[in-house]
Amino acid sequence: MHAPEVLISEDDIQKRVTELAQKISADYSDTGDLVMVGVLKGSFIFLADLSRNLSIPRTIEFIAVSSYGDSSAPSGAVRLVMDVRGNIEGKDVLIVEDIVDTGHTLKYLIGIMKSHRPASVKTAVLVRKADSAKVDVTIDYLGFDIGNEWVVGYGLDFAEQNRTLPYIGIIDPTDR
Ligand code: PRP
């Protein structure tokens, strides 16, 4: 398999993550109870960099979901595999996702988070596949809009490969 072609460079990602962290730090400066909820597995690197660039107090939780069917052709049905461990009632929840494609997963996650009775729920997403959104879901902090390429790196995988690439690259899933 060829090395993925660079779509978003490491420098561009780091610059954008720093910008998002500054905006989040400013927006939550008066609340003091921010909980960042990373969606396994793909968000782990974005969550790590974003959280370390904040200048405000924050805690970290994780949640895991699974899509029914083939991930390259999502059916829209999402199942909760692991909920947050801590009590997030009354807190300000920021869901952290690597990618929004159809939007079904993020919409489902917002509902799950709201069921815990937090003070607020917002979303931070590194990349959005703008052309394929099938669900109207609000992204409060967005890194990049991309096309319909299959992307890997910075947490994103193809068949569990290439998650730890420092950049976001494009692969051809048929080139194996
Ligand atoms: C990806 C991503 C989102 C979901 C987005 O997860 O992290 O959770 O797909 O797709 P949607 O907008 O069409 O619902 P994936 O199933 O690849 O799992 P992973 O994070 O473990 O790689």
Side-chain angles (χ1 to χ4, degrees), residues 1-27 36-54 62-78 93-113 121-176:
M1 187 179 234
H2 302 111
E5 175 196 341
V6 177
L7 178 67
I8 308 171
S9 71
E10 182 175 1
D11 278 358
D12 286 348
I13 294 172
Q14 293 303 330
K15 191 165 161 253
R16 188 73 185 124
V17 169
T18 303
E19 287 170 1
L20 292 177
Q22 285 170 349
K23 180 146 191 12
I24 292 165
S25 297
D27 291 353
M36 304 176 83
V37 178
V39 185
L40 295 172
K41 301 177 191 174
S43 73
F44 77 115
I45 292 178
F46 180 41
L47 175 68
D49 284 349
L50 191 63
S51 61
R52 286 181 297 180
N53 276 286
L54 294 182
F62 287 99
I63 195 164
V65 290
S66 166
S67 303
Y68 288 108
D70 182 349
S71 62
S72 65
S75 64
V78 182
V93 168
L94 181 62
I95 300 170
V96 180
E97 260 286 28
D98 55 344
I99 189 165
V100 166
D101 187 349
T102 62
H104 285 299
T105 305
L106 192 56
K107 185 170 182 144
Y108 173 80
L109 285 171
I110 291 169
I112 293 283
M113 290 297 100
V121 179
K122 285 169 68 167
T123 57
V125 174
L126 186 66
V127 292
R128 171 172 62 185
K129 283 193 163 181
D131 294 341
S132 57
K134 295 193 171 106
V135 178
D136 186 20
V137 62
T138 301
I139 299 175
D140 299 285
Y141 305 97
L142 175 65
F144 304 93
D145 271 316
I146 62 169
N148 275 326
E149 308 92 348
W150 193 294
V151 284
V152 294
Y154 204 73
L156 294 153
D157 75 305
F158 176 69
E160 295 301 327
Q161 299 302 306
N162 285 313
R163 280 197 200 274
T164 58
L165 276 181
Y167 63 92
I168 292 177
I170 301 175
I171 60 156
D172 175 357
T174 61
D175 174 27
R176 303 195 74 190

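Since the model is a prediction, treat every value here as computed from it, not as a measurement.
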*Asks:* Does the side chain to side chain contact (heavy atoms under 4.5 Å, CB included) test come out yes or no for Ile8 and Ile146, once each step is laid out?
*Replies:* CA-CA 9 Å; Ile8 308 171; Ile146 62 169; 4.1 Å; yes
*Asks:* Are Ser66 and Val78 packed together at the side-chain level, in the sense that at least one heavy-atom pair is separated by less than 4.5 angstrom?
*Replies:* no
*Asks:* Walk me through whether Leu50 and Leu20 qualify under side chain to side chain contact (heavy atoms under 4.5 Å, CB included).
*Replies:* CA-CA 8 Å; Leu50 191 63; Leu20 292 177; 4.0 Å; yes
*Asks:* Going from NZ on Lys41 to CZ on Phe62, what distance comes out if it is rounded to the nearest 0.5 angstrom?
*Replies:*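 That separation rounds to 13.0 Å.
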*Asks:* For the atom pair CH2 (Trp150) and OG1 (Thr174), what is the distance rounded to the nearest 0.5 Å?
*Replies:*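 Atom-to-atom, Trp150:CH2 and Thr174:OG1 are 12.0 Å apart.
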*Asks:* Taking Ala21's backbone N and O only, do any of them form a donor-acceptor pair with Asn53's side chain (distance below 3.5 Å, no angle check)?
*Replies:*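 No, because the side chain of Asn53 does not come within donor-acceptor range (under 3.5 Å) of the backbone of Ala21.
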*Asks:* Assess whether atom CG of Asn148 is packed by more than 12 heavy atoms of other residues, nucleotides or ligands within 6.0 Å.
*Replies:* yes
*Asks:* If you round to the nearest 0.5 Å, how far is CG of Asp172 from CZ of Phe158?
*Replies:*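 Those atoms lie 9.0 Å apart.
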*Asks:* Run the numbers on Asn162 and Leu156 for side chain to side chain contact (heavy atoms under 4.5 Å, CB included), then give the verdict.
*Replies:* CA-CA 7 Å; Asn162 285 313; Leu156 294 153; over 6 Å; no
*Asks:* Measure the CE-CG distance between Met36 and Leu47 for me, rounded to the nearest 0.5 Å.
*Replies:*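 The CE atom of Met36 sits 5.5 Å away from the CG atom of Leu47.
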*Asks:* Are Lys23 and Asp27 close enough for a salt bridge, meaning some N to O gap below 4.0 Å?
*Replies:* yes
*Asks:* CD of Gln22 to CD of Glu19: how many Å apart, nearest 0.5 Å?
*Replies:*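 It comes to 7.5 Å.
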*Asks:* Taking Tyr154 for its side chain and Gly169 for its backbone only, find out whether a donor-acceptor pair lies under 3.5 Å.
*Replies:*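 Checked: no pair found.
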*Asks:* For the side-chain contact (heavy atoms from CB on, under 4.5 Å) test, which of Ile13, Leu7, Ile99, Asp98 pairs with Val127?
*Replies:* Ile99
*Asks:* Start with the C-alpha distance between Ile63 and Met113, add both sets of side-chain angles, then the distance that settles side chain to side chain contact (heavy atoms under 4.5 Å, CB included), and finish with yes or no.
*Replies:* CA-CA 10 Å; Ile63 195 164; Met113 290 297 100; 3.3 Å; yes
*Asks:* Evaluate the side-chain proximity of Val37 to Val96: yes if any heavy-atom separation is below 4.5 Å, no if none is.
*Replies:* no
*Asks:* So do Ser25 and Leu54 actually touch side chain to side chain, heavy atoms under 4.5 Å?
*Replies:* yes
*Asks:* Restricting to non-hydrogen atoms, name the atom on Gly153 and the atom on Ile168 that form the minimum distance, rounded to 0.1 Å.
*Replies:*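 The answer is O-CG1, 4.1 Å.
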*Asks:* Flag the pair Tyr141 / Val125 as yes when at least one side-chain heavy-atom distance between them is below 4.5 Å, and no otherwise.
*Replies:* no
*Asks:* Under a 4.0 Å threshold between the charged nitrogen and the carboxylate oxygen, would Lys129 count as salt-bridged to Glu149?
*Replies:* no
*Asks:* May I ask you to test the Leu126-Glu97 pair for a side-chain heavy-atom distance under 4.5 Å?
*Replies:* no
*Asks:* The test is side-chain hydrogen bond (donor to acceptor under 3.5 Å, both in side chains); show your working for Asp11 and Ser9 and say whether it passes.
*Replies:* CA-CA 5 Å; Asp11 278 358; Ser9 71; 5.6 Å; no
*Asks:* Could you state the interatomic distance from CG (Asp145) to CD1 (Ile139), rounded to the nearest 0.5 Å?
*Replies:*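 Going from CG on Asp145 over to CD1 on Ile139, the span is 7.5 Å.
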*Asks:* Judged by atom type as modelled, is there a donor-acceptor pair below 3.5 Å linking the side chain of Arg16 to the main-chain atoms of Gly143?
*Replies:* yes
*Asks:* State whether the side chain of Thr123 and the backbone N or O of Thr138 hold a donor-acceptor pair below 3.5 Å, judged by distance alone.
*Replies:*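 Yes: the side chain of Thr123 pairs with the backbone of Thr138.
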